[in-house]
Novice: 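One structure, as structure tokens, below. Some questions next.
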Amino acid sequence: MDYLRGEFDLCTGCGSCQLACSNRAAGGYSPRLARLRILSERENLVNRPVVCLQCENPFCLNSCPFEAISRVEETGFVLIDKEKCASCGNCITACPDKMIQFDVHHKADKCDLCEGDPLCVKYCVPGALKLVEKKGAEIK
Amino acid sequence: MSAYMGKLLYINLSDKTSREMDLNPDLAKQFVGGKGFGAKILYDLLPPGCDPLSEQNILMFMPGPVTGTLAPAFRGCVVTKSPLTGTFADSYFGGHFAQEIRYCGYDGLIITGRAAEPSYLYISDGKVEFRTAAGIWGLDTFATVEAIRTDLGDDTVKTACIGPAGEKLVSFALINCEFNRHAGRAGTGAVMGSKNLKAVVLRGSKTVVPADPAGFAAAVDQAYRELVDDETINSFTVDGTAGSIDFANDEQLLPTHNYYNGQFEGASGLNAAAQRKHFWLRNVACAGCPIACGKVGLIKTGRHKLLVSDIVEYETASMVGSNLGISNVREVAYLVKKCDALGLDGMSAGGVAGFAIEAYQKGLITAEDTGGVELKFGDADAVNYLLEVIASRKGLGDLLARGVKAAAAELGGDAVAFAVHVKGLESPAWGPRSVPGMGLALATADRGGCHQRAFPILYECGGEWEGKPVDRLGTKGKGKIVAHLQNYLAALDTLVKCDFGQYGVKDVTYARLLETAVGEKYDVEKLMLLGERVWNQVRLFNLREGFTRADDTLPKRFTNEPLPEGPYAGARVSLEDLSLLLDEYYTARGWDLEGRPTAEKLNQLGLESLPKLINL
């Protein structure tokens, strides 16, 4: 299972990831509508990408009263069923990384890893965004 | 659908009103955006002879129709009438501010009037607030950004602000576009200060949608490939503009000791290797740019240890470094950051400081004027003193705050001989004495001494033009080269391109990006015609302000004093050479020999009897 990792030391803050993402998510370029964020810290000494980690214990999924959020077993992706979403906003409040927001139809919206081939990674020329494999503890 | 947002936002600070104006389709067709919009709107709205610091002057923030998309690398410009030169002024800035204008739903901001008291504008998705700046007036640019974020409770807003220098109307004050990105040149910050406007703050979430999304996406990918595959672009990614220090020093183009010479013994203290060693930590990019020419870091050692600094760009490393005889890049980084914080254009500040030091050496400025501070080359503390008095306009600073042209006129004596400017704009860090084409480019740049309107150095220093080697020291053919480059770059400045992106992205790709964005057919020929139209429109503005052929000239240091030593010892651009260059240039432009566009040329460009394209 892969997940998205963002690295502050390589991120240049260009936001091309957000532009590519928003174009797919919202049908136009607008970074605030992207499904990932980039923080600017210390006079821009640091740009920190914040991405959906497809958590193993997803607060968004757990806090949804309508079972609109589920995890796909094979891939591990945490996805929102917009038909079932009642726009209550629980998931938005629950996610500590602010990785969920309402889309233009006022439905909860989050990263779906572009079904496995994320555009944000494709346009991250400096290589700050990567798809990496999840590994668990191996203490024997 | 098209990539235009379809609206310009007009703001009058005097009566605290704002309104959205529909974008005139003729303005979009003939002037496209950025510099083009600025050129036409400034001409249409400003009365001739308007005082740049009066409430009548207008201050525009102009993105282009491609700005804010995934296309690499685009930005915005500030357009106004310059208090430093009295000419049309366009000053380009990276960062994220221009993009946010588009996300707010506008193709440009037009600001006029003067606020009754210090204010800032907060524009968020269609809402315009006039807010008090009482608590932030006087703060430096870094503190201003921080205070505004705190005030609004939002650290994602995008801010353009002035520092103390802009508030004090220093003629070369800049507008800071957080962080380390500025509309630096020609005193845009003083215009903002004269309007009592401390900052413009944006928050937008509208989408930019190209006319032909699939075609646009393909053009974006093509532009990406062209950038990633290009050697020059790769060097910007690795070394940023600091990579030019060694080149300029080798070619004897690097200003040293107020342009006395073009080679500096301490150049290796300022170059990319020195900067990397002393503070770089990572690459930084403007919005949507894969080049990432910025290199931010922490100074490792010395009295400025742990200061956060972005790359010391070629221009400021030269103007505040070699031009002032300072070879310690940590000191230069500190001084340049001080310029940024105070809101001074580092290029002009370096030019002014070099002028002041030479004036001191020659006895035109004395210790009495400086309160006992000795002005000498190589002394960072003396420069620090100058920056402080200029930004606060205390004592000698009040004179220097007006720029080298005005300061030299007031000092009198021989001062005009070493006041290095064109039309009042302090020259950039490319001494032209051994590259006369560059001299012509500086003499004819629309906003005064500027290297960004054409950069023939690349052809003069071992390059080819139309398949033939270019004679570096010769004048023949240079007029055509300069006119061509100016037209091309003016076209791209309507989009609004980044100067470095255009080293990689091809002309056909720019045309393709534009046509798929706005849904209007473009090829390279039409792009060139657009650029020529914009260049002529700006010329019409400057002519109306009273500029003539006599103003298309170079400072005495370049025309009268040959390079004293080095590989190009003896080289200069004499007034006779300049006259030949101008004749050829005007002819290539279809202008008369006084530098005025002919009726035939204006007709060809659609500028003859063109009505106003903006009505208030």
Side-chain angles (χ1 to χ4, degrees), chain A residues 6-50 92 97-99 101-106 109 114 117-129, chain B residues 1 3 66-73 95-96 99-100 102-103 125 142 145-146 149 155-156 158 178-181 203-210 213 216-217 220-221 224 227-228 237 281-298 307-310 337 340-341:
Chain A
E7 296 167 353
F8 78 87
D9 56 320
L10 295 177
C11 178
T12 65
C14 74
S16 298
C17 52
Q18 295 174 300
L19 293 167
C21 176
S22 61
N23 195 40
R24 176 173 175 272
Y29 302 105
S30 192
R32 291 178 197 280
L33 305 183
R35 293 158 172 172
L36 75 171
R37 297 187 295 138
I38 299 178
L39 307 181
S40 166
E41 301 169 5
R42 297 172 68 187
E43 297 175 9
N44 215 40
L45 177 66
V46 175
N47 284 128
R48 194 186 296 279
V50 184
I92 293 173
D97 286 344
K98 299 182 187 160
M99 283 293 98
Q101 56 187 349
F102 285 127
D103 65 15
V104 288
H105 307 294
H106 207 64
D109 187 65
C114 297
D117 187 16
L119 283 169
C120 56
V121 174
K122 178 184 168 189
Y123 285 97
C124 184
V125 172
L129 294 174
Chain B
M1 210 61 188
V66 184
T67 308
T69 69
L70 186 58
H96 298 256
Q99 289 73 13
E100 202 77 5
R102 311 257 292 146
Y103 306 142
D125 279 332
F142 291 96
V145 168
E146 212 47 56
R149 289 178 176 189
D155 60 6
T156 69
K158 308 300 179 211
E178 77 171 298
F179 289 93
N180 315 312
R181 299 290 137 198
R203 180 189 175 86
S205 56
K206 293 191 165 54
T207 51
V208 181
V209 184
F216 186 77
V220 166
D221 284 358
Y224 259 82
L227 287 177
V228 171
T237 303
L281 283 175
R282 69 160 180 125
N283 293 355
V284 191
C286 300
C289 178
I291 306 172
C293 65
K295 316 277 165 238
V296 70
L298 290 164
L307 183 82
V308 176
S309 176
D310 203 335
K337 185 168 183 182
D340 294 353

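By convention in this document, chain letters (A, B, ...) are assigned in the order of the sequence lines, proteins followed by strands, and residues within each chain are numbered from 1. Values below: all heavy atoms of this structure, side chains included; hydrogens, waters and symmetry mates excluded. As the structure is a computational prediction, the values presented were derived from the model and not from experiment.
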Novice: Answer with side chain, backbone, both or neither: which region of A:D9 has an atom nearer than 4.5 Å to a non-hydrogen atom of chain B?
Specialist: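 Backbone only.
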Novice: Which bit of A:V46 is near chain B, if near means a heavy-atom gap under 4.5 Å: side chain, backbone, both or neither?
Specialist: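 For A:V46, the backbone is the part near chain B, not the side chain.
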Novice: Where is the tightest heavy-atom contact between A:T12 and B:A292, given as atom of each residue plus distance?
Specialist: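 Closest pair (atom of A:T12, atom of B:A292, distance): CG2-CB, 3.7 Å.
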Novice: For a quick test of reading the model, state the closest non-hydrogen atom pair linking A:L19 to B:G288 and the distance between them.
Specialist: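 For A:L19 versus B:G288, the nearest heavy atoms are CD1-CA, 4.0 Å.
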Novice: Among the options A:G13, A:S22, A:G15, pick out the one with the most heavy-atom pairs lying under 4.5 Å from chain B.
Specialist: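 Heavy-atom pair counts peak at A:G13.
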Novice: Quick one: what part of B:Q99 sits under 4.5 Å from any heavy atom of chain A, side chain, backbone, both or neither?
Specialist: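 Contact with chain A: none, neither part.
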Novice: Measuring from B:F179:CZ to A:S40:OG, what's the distance to the nearest 0.5 Å?
Specialist: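 If I round to the nearest 0.5 Å, the distance is 5.5 Å.
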Novice: Heavy-atom pairs under 4.5 Å with chain A: which of B:G297, B:C286, B:G204 has the most?
Specialist: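 Max contact count across the listed options: B:G204.
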Novice: Which pair of heavy atoms, one from B:C289 and one from A:C14, lies closest together, and at what distance?
Specialist: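 Heavy atoms only, the tightest pair is O-CB, 3.4 Å.
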Novice: How many angstroms lie between CG in A:L39 and CG in B:D155, if you round to the nearest 0.5 Å?
Specialist: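 The CG atom of A:L39 sits 7.5 Å away from the CG atom of B:D155.
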Novice: Give the minimum heavy-atom separation between B:P290 and A:V125, together with the two atoms involved.
Specialist: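 What the structure gives for the nearest pair is CB-CG2, 3.7 Å.
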Novice: Distance check, rounded to the nearest 0.5 Å: A:I38 atom CD1 versus B:H96 atom NE2?
Specialist: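 Answer rounded to 0.5 Å: 7.5 Å.
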Novice: I'd like to know which of A:P31, A:G27, A:C17, A:A26 tops the heavy-atom pair count under 4.5 Å against chain B.
Specialist: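 With the most close heavy-atom pairs to chain B, the winner is A:P31.
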Novice: Counting only heavy atoms closer than 4.5 Å, note whether A:L45 contacts chain B via side chain, backbone, both or neither.
Specialist: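 For A:L45, heavy atoms of backbone and side chain both lie under 4.5 Å from chain B.
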Novice: Is it the side chain or the backbone of A:F8 that comes within 4.5 Å of chain B heavy atoms, both, or neither?
Specialist: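 For A:F8, backbone heavy atoms alone lie under 4.5 Å from chain B.
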Novice: Of the backbone (N, CA, C, O) and the side chain (C-beta and beyond), which part of B:R102 lies under 4.5 Å from a heavy atom of chain A, both, or neither?
Specialist: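 No part of B:R102 comes within 4.5 Å of chain A.
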Novice: Is it true that A:R37 and B:T156 share a donor-acceptor pair across their side chains at a distance under 3.5 Å?
Specialist: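 On atom types as modelled, these side chains do not qualify, holding no pair under 3.5 Å.
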Novice: So, do B:R282 and A:N47 sit near enough that their side-chain heavy atoms are less than 4.5 Å apart?
Specialist: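 Yes - at least one pair of side-chain heavy atoms lies under 4.5 Å apart.
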Novice: Give, for atom CD of A:E43 and atom CG of B:D310, the distance between the pair rounded to the nearest 0.5 Å.
Specialist: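 That separation rounds to 10.5 Å.
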Novice: May I ask you to test the B:L298-A:R42 pair for a side-chain heavy-atom distance under 4.5 Å?
Specialist: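 Yes - at least one pair of side-chain heavy atoms lies under 4.5 Å apart.
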Novice: Heavy-atom cut-off 4.5 Å, strictly under: side chain, backbone, both or neither for A:C11 against chain B?
Specialist: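 Only the backbone of A:C11 comes within 4.5 Å of chain B.
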Novice: Less than 4.5 Å to any heavy atom of chain A: does that hold for the side chain of B:K337, its backbone, both, or neither?
Specialist: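 When you check distances to chain A, only side chain atoms of B:K337 fall under 4.5 Å.
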Novice: Could you tell me whether the side chain of A:Y29 reaches within less than 4.5 Å of the side chain of B:P210, counting heavy atoms only?
Specialist: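 When only atoms from C-beta onward are counted, A:Y29 and B:P210 do touch, with a gap below 4.5 Å.
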Novice: If we only count heavy atoms from C-beta on, is the A:S30 to B:V208 side-chain gap below 4.5 Å?
Specialist: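 No, too far: nothing below the 4.5 Å cut-off.
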Novice: Please step through side chain to side chain contact (heavy atoms under 4.5 Å, CB included) for the pair A:N23 and B:L70, ending with a clear verdict.
Specialist: CA-CA 9 Å; A:N23 195 40; B:L70 186 58; over 6 Å; no
